[in-house]
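All residue numbers in this chain count up from 1 along the given sequence. Quick caveat: nothing in here was measured; it's all calculated off a predicted structure.
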Amino acid sequence: MLGKGGVGGGGGTKAPKPSFVSYVRPEEIHTNEKEVTEKEEVTLHLLPGEQLLCEASTVLKYVQEDCCQRGIYGRLVCTDFKIAFLGDEDSALDNGGETQFKNKIVGVNDVPLHCVDQIYGVFDEKKKPLFGQLKKYPEKLVIHCKDLRVLHFCLRYTKEEEVKRIVSGIIHHTQSPLLLKRLFLFSYAAAAATVRSTATDPRNHTVMFDTAKDWCWELERTKGSVKYKAVTVNEGYNISDRLPACFVVPTPLSEEDMKRFQGHGIPIWCWSCHNGSALLKMSALPREQDDGALQVQKNFLDGIYCKTIHRPPYEVAKTEDLSSSFLTLQEIQSAYCKFKQLFLIDNSTEFWDTDIKWFSLLESSSWLDIIRRCLKKAIEISGCLEAQNMNVVLLEENASDLCCLLSSLVQVMMDPHCRTRTGFQSLIQKEWVMGGHSFLDRCNHLRQSDKEEVPVFLLFLDCVWQLVHQYPPAFEFTETYLTVLSDSLFIPIFSTFFFNSPHQKDANTGRESLHTEPLTLLTVWDWSVQFEPKAQTLLRNPLYVEKPKLDKGQRKGSRFKHQRQLSLPLTQSKSSPKRGFFREETDHLIKNLLGKRISKLINSSDELQDNSREFYDNWHSKPTDYHGLLLPHIEGPEIKVWAQRYLRWIPEAQILGGGRVATMSKLLEMMEEVQSLQEKIDARHHRQEAVHAQAPCLLRTSARLSSLFPFALLQRHSAKPVLPTSGWKALGGEDDLAKREDEFVDLGDV
């Protein structure tokens with residue numbers, strides 16, 4: 001297999017099996033039952049507040065890529081937090097064996113209950129989905145996970161009572177509807193008594209945006225405090241339970257206007273550009289059938305719009321109606337459901353069978369096209385802000401899905417602060433957590449059948465990955481950071497992704513009551529909870545280009561004007577229509593808020609799409625400024641599959657000793673050597689020695705890395721991939737492939 005998002009097929013080398021793992025065939029288990037019993041007692045590590053619910057012994061966990069279906073025997077357990085398999089592999093790793101990118105909360109054989117997607121049982125070699133009460137119990141259990149892992153367990157030699165207990169327990173605790181207070185999040189917080197660190201300097205910490213001080217700091221940072229103000233009119237959530245207690249609005253907006261329709265229909269500030277233009281969002285007004293009420297709402301919108309964000313000739317606003325002229329949540333969900341099936345592979349044979357039609361299946365899923373459309377829309381909005389000096393208002397029914405996605409993408413493209421790790425985390429807090437994105441419903445953490453499970457946040461991370469992939473030096477964080485962030489969506493010890501709004505969080509942690517001690521929940525931004533310092537180095541990009549310091553002659557308060565910005569068109573210029581790339585769209589700026597069109601909110605500008613194309617071409621004709629505006633390439637071949645996240649559990653998709661990781665490893669070694677020489681020079685001049693970078697040391701611990709490092713195994717367990725016979729003969733024997741791979745690695749070191 002060549003391709004698949006630039007990953008390619010793993011070679012045919014026979015990797016030596018680690019000596020610490022004992023593999024058995026299913027038929028061998030019953031002959032060694034006594035030996036199994038003696039060896040399988042591996043300690044189950046429970047988190048604070050975690051309780052064991054059920055377990056089964058003498059379970060075989062299959063090695064997925066092994067066509068002989070061998071595996072590791074041990075215990076399968078289910079707690080109120082996770083499904084875990086305890087076998088020889090785990091004890092060997094605890095005794096010092098080489099491991100993967102280790103998570104302190106979730107082990108390599110652990111699956112949080114919220115990460116379980118589908119459960120299947122195998123009955124007489126037929127796979128069927130499992131639901132509710134079972135009359136017959138399966139001989140094999142297959143678990144599909146939301147992080148795209150596929151786990152296989154053989155229950156053929158497990159006691160019947162234990163099979164019933166473990167299968168029924170797993171089905172019940174992964175499929176039955178939950179109450180919010182029954183989330184493990186609350187049990188863990190009560191038992192662990194965790195305390196969030198209080199950050200004092202927003203420049204070096206994640207800004208939580210839960211106080212007026214945080215919003216004022218952001219206004220000052222973006223120079224938006226002249227036209228916009230932070231308000232606390234929603235303290236106690238008296239106006240709206242979907243808005244945060246504090247947010248930012250245009251200065252002319254009165255408190256009475258904000259209260260009029262419970263926060264609906266008012267422009268809420270997101271970010272200010274260096275030229276004074278701003279990005280705002282607005283939710284729709286309640287739909288009224290009465291003509292009198294409709295006219296009242298129309299007059300209200302007209303007044304708000306004209307006196308706050310659309311005041312020609314000084315300020316002109318463009319409205320992006322996302323509810324009617326952009327993607328729908330159903331499109332996103334449908335595309336992702338088709339897309340993820342490409343990676344939920346049961347065995348090697350299935351993997352190679354789909355290889356010949358992989359690209360056609362990828363195209364038919366439309367997932368990459370949806371990513372391209374999101375990036376294209378963000379480019380158009382950036383052009384309005386940067387080149388046209390226009391305010392942009394994102395309009396959506398609740399302003400909590402596509403508004404969050406596009407406003408965040410625009411800021412990542414336009415604001416270099418959002419490309420640092422703390423800046424990116426602060427952005428997610430501001431636009432997604434405080435912006436009221438319904439994480440609880442969109443991830444369906446409570447498993448409610450009437451909720452729309454839509455991966456909007458994952459779509460945002462995938463769009464950001466496209467930028468990271470195209471412009472690595474512009475980002476302080478790595479794709480590994482984005483991958484573990486996507487995994488954290490399903491770890492219920494962090495409050496970040498488990499509520500629909502700040503109000504819902506405060507109401508369920510006791511923060512609204514003055515008589516009870518509020519429950520303190522962890523945020524995902526404390527990465528030390530999941531990773532040791534050595535592992536955290538893989539979250540930071542060593543090739544990140546630091547922002548240049550101000551020259552002595554430059555005023556401290558002056559804003560640096562980037563090279564890209566100086567080259568952009570500053571006025572609207574009508575150019576010849578160009579079709580096919582940025583397709584012309586009717587841009588009448590009509591929001592069907594009230595069931596009828598409101599023509600007074602229209603600022604028709606048909607040539608804007610042409611200007612977006614001109615803006616895009618102008619930018620890409622100049623050298624890249626990593627601390628200025630970033631516009632992604634969105635031509636078809638440039639939008640790629642996020643291989644590390646989607647292919648990391650498929651061993652056949654690895655390139656042992658190859659891929660970008662091999663190149664990165666060599667660059668890091670060179671950086672370490674340069675740094676060592678610099679230290680010697682500094683020491684000779686009696687200067688302070690520089691600190692050694694940890695990342696090169698971490699990467700060099702293994703002589704042969706994988707293209708999917710650090711998630712993929714450093715050494716494969718299988719003897720050889722299951723290639724079609726004709727392909728195997730054409731490529732040569734196993735020894736030839738091993739020799740070729742070693743030559744490739746040697747060439748990579750030159």
Side-chain angles (χ1 to χ4, degrees), residues 215-216 218-231 247-258 260 264-285 298-322 377-396 399 403 406-407 410-411 413-415 431 559 561 565 568-574 587-591 593 598-612 614-615 629:
W215 287 99
C216 291
E218 180 73 355
L219 278 171
E220 183 64 28
R221 186 186 70 82
T222 60
K223 311 300 181 188
S225 54
V226 176
K227 301 176 183 177
Y228 300 91
K229 62 182 179 181
V231 294
F247 51 92
V248 174
V249 295
T251 302
L253 199 62
S254 67
E255 187 172 315
E256 289 72 25
D257 287 335
M258 287 182 269
R260 187 78 176 275
H264 287 272
I266 63 171
I268 296 176
W269 176 88
C270 298
W271 180 77
S272 288
C273 186
H274 66 92
N275 58 19
S277 60
L279 179 64
L280 304 101
K281 61 184 176 183
M282 181 189 293
S283 59
L285 289 174
K298 176 183 178 297
N299 294 337
F300 171 78
L301 273 179
D302 204 14
I304 290 291
Y305 200 82
C306 292
K307 75 180 182 182
T308 59
I309 54 176
H310 185 75
R311 294 173 289 180
Y314 308 105
E315 293 187 30
V316 180
K318 171 181 167 56
T319 307
E320 285 286 354
D321 182 359
L322 304 179
K377 181 62 73 174
I379 290 171
E380 292 174 359
I381 295 170
S382 300
C384 294
L385 293 166
E386 175 74 35
Q388 308 297 326
N389 285 15
M390 300 174 70
N391 293 329
V392 177
V393 184
L394 303 178
L395 223 51
E396 192 182 12
C403 275
L406 287 174
S407 63
V410 169
Q411 291 175 65
M413 290 181 186
M414 300 189 71
D415 190 344
E431 297 297 334
R559 177 179 288 273
K561 197 166 184 65
Q565 295 163 357
L568 294 173
L570 297 178
T571 57
Q572 296 186 9
S573 59
K574 193 165 184 177
D587 188 21
H588 300 299
L589 313 181
I590 299 175
K591 175 60 185 173
L593 288 168
I598 303 175
S599 58
K600 281 193 175 183
L601 301 188
I602 297 175
N603 174 34
S604 183
S605 177
D606 290 335
E607 71 270 15
L608 191 57
Q609 299 305 315
D610 296 329
N611 284 334
S612 294
E614 183 182 353
F615 171 74
L629 176 68

Partners meeting side chain to side chain donor-acceptor pair (under 3.5 Å) with Ser407 (sequence neighbours left out): Glu431
Contacts of Trp271 that satisfy ring pair (Phe, Tyr, Trp, His ring centres under 6.0 Å) - sequence neighbours left out: none
Counterpart residues, side chain to side chain donor-acceptor pair (under 3.5 Å), relative to Thr251 (two or more places apart): none
Heavy-atom pair with the smallest gap, counting every atom of Glu380 and Ser612: CG-OG, 3.7 Å
Side chain to side chain contact (heavy atoms under 4.5 Å, CB included) evaluation trace for Trp215 with Val231: CA-CA 9 Å; Trp215 287 99; Val231 294; over 6 Å; no
Distance in Å, Leu253 CG paired with Ile268 CD1, rounded so as to fall on 0.5 Å steps: 9.5 Å
Sub-4.5 Å side-chain heavy-atom contact between Glu396 and Leu406: no
Least distance between heavy atoms, Ser225 atom then Glu220 atom: OG-OE1, 3.7 Å
Whether Trp269 and Tyr228 hold their rings parallel, tilted or perpendicular, with breakpoints at 30° and 60°: tilted
Distance in Å, Met413 CE paired with Ile379 CD1, rounded so as to fall on 0.5 Å steps: 5.0 Å
Residue pair His264 / Phe300: nearest heavy atoms and the distance that separates them: O-CE2, 4.1 Å
Nearest-0.5 Å distance that lies between atom OG in Ser272 and atom CE in Met414: 10.5 Å
Residues that Ser277 engages under side chain to side chain contact (heavy atoms under 4.5 Å, CB included), provided they are two or more places apart: Cys273, Asn275, Leu385, Asn391
Contact summary for Thr308 and Pro252, nearest pair of heavy atoms: CG2-CB, 4.5 Å
Non-hydrogen side-chain atoms of Pro267 and Ile304 separated by less than 4.5 Å: yes
side-chain contact (heavy atoms from CB on, under 4.5 Å) partner of Val392, chosen from Leu279, Ile309, Leu280: Leu279
Side-chain heavy-atom pair Gln388, Lys318 within 4.5 angstrom cut-off: no
All salt bridge (Lys or Arg N to Asp or Glu O under 4.0 Å) counterparts of Lys229, not counting sequence neighbours: none
Nearest non-hydrogen partners of Ser382 and Val410, listed with the distance: OG-CG1, 4.0 Å
Closest heavy-atom pair and its distance - Cys403, Lys281: SG-CB, 4.1 Å
Value rounded to 0.5 Å, distance of OG1 in Thr319 from CE in Met282: 7.0 Å
